[in-house]
There are 2 protein chains.
Amino acid sequence: MTNRPPRPRGRGIPDATVARLPVYLRALQALQDRETPTVSSEALAAAAGVNSAKLRKDLSHLGSYGTRGVGYEVEYLVYQISRELGLTQDWSVAIAGIGNLGRALADYGGFGSRGFRIAALLDADPAVVGRTVAAVEVGHIDRLEEIVRSAGVSIGVIATPAASAQDVALRFVEAGVTSILNFAPVVLSVPEGVDVRKVDLSIELQILAFHAQRRADGDGRRPVGGTGLEPV
Amino acid sequence: MTNRPPRPRGRGIPDATVARLPVYLRALQALQDRETPTVSSEALAAAAGVNSAKLRKDLSHLGSYGTRGVGYEVEYLVYQISRELGLTQDWSVAIAGIGNLGRALADYGGFGSRGFRIAALLDADPAVVGRTVAAVEVGHIDRLEEIVRSAGVSIGVIATPAASAQDVALRFVEAGVTSILNFAPVVLSVPEGVDVRKVDLSIELQILAFHAQRRADGDGRRPVGGTGLEPV
DNA sequence: CCCACTTTGTGCGTGCTTTCACAAGCGCGT
DNA sequence: ACGCGCTTGTGAAAGCACGCACAAAGTGGG
Ligand SMILES: NC(=O)c1ccc[n+]([C@@H]2O[C@H](COP(=O)([O-])OP(=O)(O)OC[C@H]3O[C@@H](n4cnc5c(N)ncnc54)[C@H](O)[C@@H]3O)[C@@H](O)[C@H]2O)c1
Ligand SMILES: NC(=O)c1ccc[n+]([C@@H]2O[C@H](COP(=O)([O-])OP(=O)(O)OC[C@H]3O[C@@H](n4cnc5c(N)ncnc54)[C@H](O)[C@@H]3O)[C@@H](O)[C@H]2O)c1
């Protein structure tokens with residue numbers, strides 16, 4: 001694991017690549033657990049569920065970290081991807097809305113394992129505020145700014161009801177948070193420079209339903225009471 | 001066993017469009033609640049956080065449902081999008097793994113509202129099996145096939161630990177499920193023709209971390225947002 | 001009827017993404 | 001030293017997605 005922080009990488013890794021790096025990282029860590037020293041692009045691509053040419057091109061954006069005829073050294077690549085993703089430093093996360101979902105997120109162990117630390121939990125319900133979840137005491141949402149600033153939070157997670165999400169988002173931003181992960185089913189409006197990603201269960205199900213319906217239409221699969229209406 | 005079908009997209013609606021239709025649908029339903037009869041592409045695009053030309057092109061894939069000089073009739077468009085997405089029929093969902101996350105999903109109300117009905121819950125833990133969550137009794141995972149078939153499940157949700165996810169996925173497939181939503185942090189391998197989507201919290205956080213690091217890095221400019229609210 | 005105005009639907013240029021295909025590089029055995 | 005087999009890194013091509021800009025199509029007022 002040689003440290004190598006110069007910058008041969010052409011600045012600007014494509015978004016599509018960035019979205020796949022965590023997948024590669026996870027596959028590599030599984031190999032690490034099995035003490036596999038090196039891996040070929042073919043094998044790693046299979047583990048990550050992508051085309052091997054795509055994997056190589058993705059990795060080439062980070063630098064030339066492979067050895068022709070051999071493959072990639074697992075440990076070295078883990079380090080390089082971690083560094084590129086910013087996982088060599090710790091990130092403090094605040095979760096707003098400690099309901100069913102918020103609690104599941106807070107309790108989730110797979111978080112802290114990789115550089116993300118839950119630094120603050122926030123809720124509006126007096127019955128929840130003051131309780132301790134995952135070793136963190138739930139603070140009142142009214143003190144968001146104070147808590148977020150003092151905990152040095154850089155990533156805000158929104159798990160409140162949809163009606164409160166926009167408000168909470170702006171308060172996160174006012175408190176200096178520029179990265180937000182939103183679970184509420186609303187489109188958030190935030191100032192330029194703030195990065196919002198959303199996780200939307202309902203949308204995922206609807207996309208699955210679309211494809212399922214298409215399969216059912218084409219094939220002779222059993223429909224469950226669809227309409228016979230055709231597009232005009 | 002392929003990880004991902006190449007792109008069986010017979011000519012039809014582009015994937016990128018399909019992924020946005022649920023967003024439009026949600027915005028339209030909000031308009032419906034406010035009894036707005038018609039909406040322009042400009043206004044709907046703003047509500048959905050997209051470019052209006054993109055919205056019009058997306059909708060044009062469904063047909064010519066707008067009126068020039070006027071806009072789109074909200075109710076009609078809701079129906080057309082719903083039909084295209086397959087929401088005019090009901091979909092039965094099974095959730096495997098009734099832990100923290102699985103319980104949150106089962107309890108989540110925003111599901112049923114859009115044609116998705118929780119038909120079965122499955123777990124391996126004797127302490128969980130037999131309990132009732134969200135008015136559904138948790139069945140034992142060993143009876144997956146029987147339960148899934150008798151409940152007519154068409155969408156399987158995996159919220160088990162990562163180690164069990166692949167196994168559960170294959171059992172879903174054997175029971176006839178061809179649409180799977182996976183919350184476990186693993187790449188699933190399924191036979192061709194089975195549609196898998198994943199929701200991965202950890203990946204989302206890592207992507208946020210990457211962008212946050214980039215903003216903090218060489219880039220010394222402080223994003224002065226002003227008050228310009230940008231839809232995301 | 002005509003005209004000014006609004007808004008849709010889409011042709012087209014631009015840039016990003018994926019995939020193929022292969023030369024160049026590396027290790028190993030002889 | 002040399003050739004062979006394996007694997008990377010990357011040009012080039014094909015495929016998509018996005019968004020501008022505008023003609024076509026509709027509304028409403030006079
Ligand atoms: N549970 C799921 O599986 C699921 C799935 C998809 C999306 N979501 C979305 O995630 C969000 C949370 O879901 P949930 O099931 O945990 O709901 P929940 O009702 O169990 O929890 C919401 C929590 O937010 C708190 N809250 C309300 N207003 C607040 C405010 N202004 N500031 C801070 N906290 C506030 C409430 O006190 C409550 O504890 C919702 O927007 C929901 O639509 C949930
Ligand atoms: N909780 C989160 O916020 C969160 C976030 C991202 C991803 N995930 C992933 O979601 C999954 C579930 O997370 P969780 O927090 O609910 O975990 P959990 O441990 O609370 O729940 C897991 C449940 O699955 C059951 N189970 C175990 N093996 C099973 C099997 N073979 N068949 C059926 N059920 C089985 C267990 O009995 C338990 O009830 C995990 O893969 C986790 O990595 C969770």
Side-chain angles (χ1 to χ4, degrees), chain A residues 8-21 23-24 27-28 31 36-74 76-77 80-81 84 207 231-232, chain B residues 2-21 23-24 27-28 31 36-74 76-77 80-81 84 207 211 230-232:
Chain A
R9 46 197 144 120
R11 291 257 42 103
I13 299 179
D15 283 347
T17 294
V18 172
R20 284 186 294 266
L21 289 180
V23 179
Y24 303 155
L28 284 164
L31 291 172
T36 311
T38 63
V39 65
S40 70
S41 65
E42 202 67 50
L44 183 54
V50 302
N51 178 299
S52 71
K54 180 151 64 179
L55 173 86
R56 289 197 298 276
K57 184 149 286 185
D58 282 343
L59 294 184
S60 77
H61 286 110
L62 312 190
S64 270
Y65 296 144
T67 305
R68 294 170 195 234
V70 177
Y72 300 88
E73 191 192 332
V74 172
Y76 186 54
L77 199 50
Q80 291 299 341
I81 294 180
E84 195 65 51
I207 294 171
V232 184
Chain B
T2 58
N3 285 333
R4 216 152 248 249
R7 204 164 260 237
R9 176 195 305 178
R11 62 193 168 82
I13 302 180
D15 283 347
T17 293
V18 172
R20 284 187 294 264
L21 289 180
V23 179
Y24 304 154
L28 284 164
L31 291 171
T36 310
T38 63
V39 64
S40 70
S41 65
E42 202 68 50
L44 183 55
V50 303
N51 178 296
S52 71
K54 181 152 61 178
L55 173 89
R56 288 197 297 277
K57 187 156 289 186
D58 282 344
L59 294 184
S60 76
H61 286 110
L62 311 190
S64 271
Y65 296 145
T67 306
R68 294 170 193 234
V70 178
Y72 300 87
E73 190 192 332
V74 172
Y76 186 53
L77 199 51
Q80 291 299 341
I81 294 179
E84 196 65 52
I207 295 171
H211 291 297
E230 295 285 330
V232 176

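Lettering of chains follows the sequences in order, A, B, ..., and the numbering in each one begins at 1.
- To the nearest angstrom, C1' of C:dT8 lies 16 Å from CD of B:Glu73.
- Taking atom NE2 of B:His61 as the reference point, atom C1' of C:dT8 lies 15 Å away to the nearest angstrom.
- When each of A:Asp58 and A:Val70 is assigned the nucleotide of DNA chain C with its nearest heavy atom, A:Asp58 is the one assigned upstream, toward the 5' end.
- Distances shown here put a side-chain N or O of B:Tyr72 below 4.0 Å from the OP1 or OP2 atom of C:dG9.
- Between the P atom of C:dG15 and the NZ atom of B:Lys54 lies a distance of 17 Å, rounded to the nearest Å.
- Side-chain contact between A:Leu62 and A:Leu21 is present, with heavy atoms from C-beta onward closer than 4.5 Å.
- The shortest side-chain heavy-atom distance between B:Leu44 and B:Arg56 does not fall under the 4.5 Å cut-off.
- Summarising the geometry, atom NZ belonging to A:Lys54 is positioned 13.5 Å from atom OG belonging to A:Ser41; distances are rounded to the nearest 0.5 Å.
- Partners of A:Glu42 according to the side chain to side chain donor-acceptor pair (under 3.5 Å) rule, which considers only residues two or more places apart in sequence or in another chain, are A:Ser52.
- Residues B:Leu59 and B:Tyr65 are not in side-chain contact: their nearest non-hydrogen atoms beyond the backbone lie 4.5 Å or more apart.
- Remark: B:Ser41 is not in phosphate contact with C:dT7, judged by side-chain N or O atoms under 4.0 Å from OP1 or OP2.
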Return the polar atom pairs (N/O with N/O) between nucleotides 10-14 of chain D and the protein under 3.5 Å, or none.
{"residue": "D:dG11", "atom": "O6", "partner": "A:Lys57", "partner atom": "NZ", "Å": "3.2"}
{"residue": "D:dA12", "atom": "N6", "partner": "A:Lys57", "partner atom": "NZ", "Å": "2.9"}

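- Here the nucleotide nearest the side chain of B:Ser40, chosen from C:dC26, D:dC18, C:dT7, is C:dT7.
- In this structure, B:Asp15 atom CG and C:dT18 atom P are separated by 12 Å, rounded to whole Å.
- Nearer the 5' end of DNA chain C, as judged by each residue's closest nucleotide, is the contact made by A:Pro14, out of A:Pro14 and A:Gly69.
- Contact annotation: B:Asn51 side-chain N/O to D:dA17 OP1/OP2 distance is not under 4.0 Å.
- Here C:dG9 presents its P atom at 14 Å from CD of B:Glu42, a figure rounded to the nearest Å.
- With sequence neighbours excluded, the residues forming a side chain to side chain donor-acceptor pair (under 3.5 Å) with A:Thr17 are A:Asp58, listed by chain and number.
- Rounded to whole Å, atom P of C:dT7 lies 22 Å from atom OH of B:Tyr65.
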